[in-house]
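Read through the structure below, which is laid out as structure tokens, and then see the notes.
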Amino acid sequence: MRWIAVFLFLATPILAQVFPDYDRTTITDRADLLTDAQEAALDARLTGLRRDTGIEFAVLTLRSQAPYSAGQSLEDFATGLFNHWGIGDATRNDGILVLVLSEDRAMRIELGAGYARDWDRVSQNVVNRSFLPAFETGDYAAGISDGVEDVIASIALPFSEGSDAPSANGELPPWMAFVAILGALLIVARRFLGDLLTRFQRCPNWGSRALSRVRTTLRRPTRTSQGSGEVTTRCSQCSYRDVRSYTISRLSSSSSSGFGGGRSGGGGASGRW
């Protein structure tokens with residue numbers, strides 16, 4: 001009995017380890033940092049990457065790590081989560097995970113075991129130049145969008161083509177830098193134009209162009225049921241307010257098909273703000 005008690009005591013931390021499930025193999029936004037449109041755009045981008053290169057790239061946002069593994073380091077939690085989901089091809093181990101913890105003010109790029117340690121340095125550069133600046137100002141959507149584009153341009157595409165990580169003193173090749181900058185500009189332009197078009201619409205009461213629109217997700221979709229949300233349009237110069245409901249389609253079979261069984265050896269880079 002004594003040995004059984006000792007075994008149960010030692011096994012408790014292991015049994016207590018839990019991980020969040022994923023909604024999509026591309027983006028699971030549990031911290032509600034993205035709008036539905038931003039999630040859809042990111043899903044399309046990462047689905048296209050998987051189709052074109054075979055690389056599985058997952059983004060997960062959580063408010064905090066605490067409900068899952070309060071006693072673990074960020075790095076150990078990300079590695080355990082990566083391996084629990086099995087991100088990446090089981091032979092190539094080329095998966096990528098971006099984990100964002102908004103209330104912990106921490107993030108990590110976790111790389112599959114197929115990436116040599118030189119890619120850790122590249123990951124740290126991406127964290128510092130594309131994720132953290134936006135996160136420090138509270139613009140999580142921009143940080144995630146710009147950061148993902150940088151990860152694709154600086155890590156995923158070169159690795160898929162058989163390139164080694166650039167040297168410690170080397171800069172990104174011009175074409176990689178161009179892709180990263182172009183992706184960031186397209187994201188900013190899309191967000192700006194969406195807001196601009198709304199502002200050009202006239203208020204039904206006063207005829208002024210002072211409308212703003214906010215989308216709110218009320219119930220997230222799952223693999224078996226639809227989600228729902230509301231679009232609220234307000235005028236800043238009068239009491240006009242219009243609320244319209246909309247439905248969100250169930251997660252598609254392609255989004256819920258699962259990962260390829262890849263694993264991570266702990267490579268990548270972390271950041272805090």
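Quick caveat: nothing in here was measured; it's all calculated off a predicted structure.
- A donor atom on one side chain and an acceptor atom on the other are found under 3.5 Å apart for T61 and D29.
- A distance of 7.5 Å separates CD of Q65 from CG of L99, quoted to the nearest 0.5 Å.
- For R272, there are no side chain to side chain donor-acceptor pair (under 3.5 Å) partners, not counting sequence neighbours.
- Separating the CZ atom in R241 from the CG atom in N205 is a distance of 13.5 Å, to the nearest 0.5 Å.
- Taking every heavy atom of both residues into account, W119 and I155 meet most closely at CZ3-CA, 3.8 Å.
- Taking E136 as the reference, nothing meets the side chain to side chain donor-acceptor pair (under 3.5 Å) condition, with sequence neighbours excluded.
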Would I109 and V127 count as a side-chain contact (heavy atoms from CB on, under 4.5 Å) here? Give the steps.
CA-CA 8 Å; I109 298 175; V127 168; 3.6 Å; yes
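- The two residues R234 and T232 make their nearest non-hydrogen contact at NH1-CG2, 3.5 Å.
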Could you walk me through whether R108 and L97 pass the side-chain contact (heavy atoms from CB on, under 4.5 Å) check?
CA-CA 8 Å; R108 180 163 177 81; L97 168 68; over 6 Å; no
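- Within the 3.5 Å criterion, the main-chain N or O of G260 finds a donor-acceptor partner in the side chain of E56.
- By the 4.5 Å heavy-atom criterion applied to side chains, F57 and R45 are not counted as neighbours.
- Here the straight-line distance linking atom CZ of R105 with atom CG of L132 works out to 10.0 Å at 0.5 Å rounding.
- Residues that satisfy the side chain to side chain donor-acceptor pair (under 3.5 Å) test with S160, not counting sequence neighbours, are absent from this structure.
- Contact detail for D94 and F159: the closest heavy-atom pair is CB-CE2, 3.7 Å.
- No side-chain donor-acceptor contact under 3.5 Å links Y140 to the backbone of L34.
- Panel note: side chain T25, backbone F259; no donor-acceptor pair is recorded below 3.5 Å.
- One finds the CG atom of L74 at 8.5 Å from the CZ atom of F77 (value rounded to the nearest 0.5 Å).
- A pairwise comparison of heavy atoms in R24 and I27 identifies CB-O, 3.5 Å as the closest pair.
- Two residues are said to be in side-chain contact when any heavy atoms from C-beta on lie closer than 4.5 Å; S145 and L42 fail this criterion.
- Note: the hydrophobic cluster containing Y240 does not contain V243 (ILVMFWY, side chain heavy atoms under 4.5 Å, direct or indirect links).
- Here I96 contributes atom CD1 and L49 contributes atom CG; the two are 7.0 Å apart, rounded to the nearest 0.5 Å.
- Qualifying side chain to side chain donor-acceptor pair (under 3.5 Å) partners for E103, counting only residues two or more places apart in sequence or in other chains: none.
- For the residue pair S270/E75, the side-chain donor-acceptor check at 3.5 Å is satisfied.
- Scored by the side chain to side chain contact (heavy atoms under 4.5 Å, CB included) test, D52 finds no partners at all (sequence neighbours excluded).
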CA sep, side-chain torsions, deciding dist, call: L46, V148, side-chain contact (heavy atoms from CB on, under 4.5 Å)
CA-CA 9 Å; L46 297 181; V148 164; 3.9 Å; yes
N/O donor-acceptor pairs under 3.5 Å from side chains in residues 80-90, not counting sequence neighbours:
unit_1	atom_1	unit_2	atom_2	d
N83	OD1	S264	N	2.6
N83	ND2	T79	O	3.3
N83	ND2	S264	O	3.3
W85	NE1	P20	O	3.0
D89	OD2	T91	N	2.8
D89	OD2	R92	N	2.8

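- Remark: L101 CG to Y68 OH distance equals 10.0 Å, nearest 0.5 Å.
- The two atoms that bring D43 and T26 nearest to each other are OD1-OG1, 2.5 Å, heavy atoms only.
- Listed here is the closest heavy atom pair of G266 and E110: CA-OE2, 3.3 Å.
- For the pair D118/D164, no side-chain contact is recorded, criterion being any heavy-atom separation below 4.5 Å from C-beta on.
- For S154 (side chain) and V151 (main-chain N/O), no donor-acceptor pair under 3.5 Å exists by modelled atom type.
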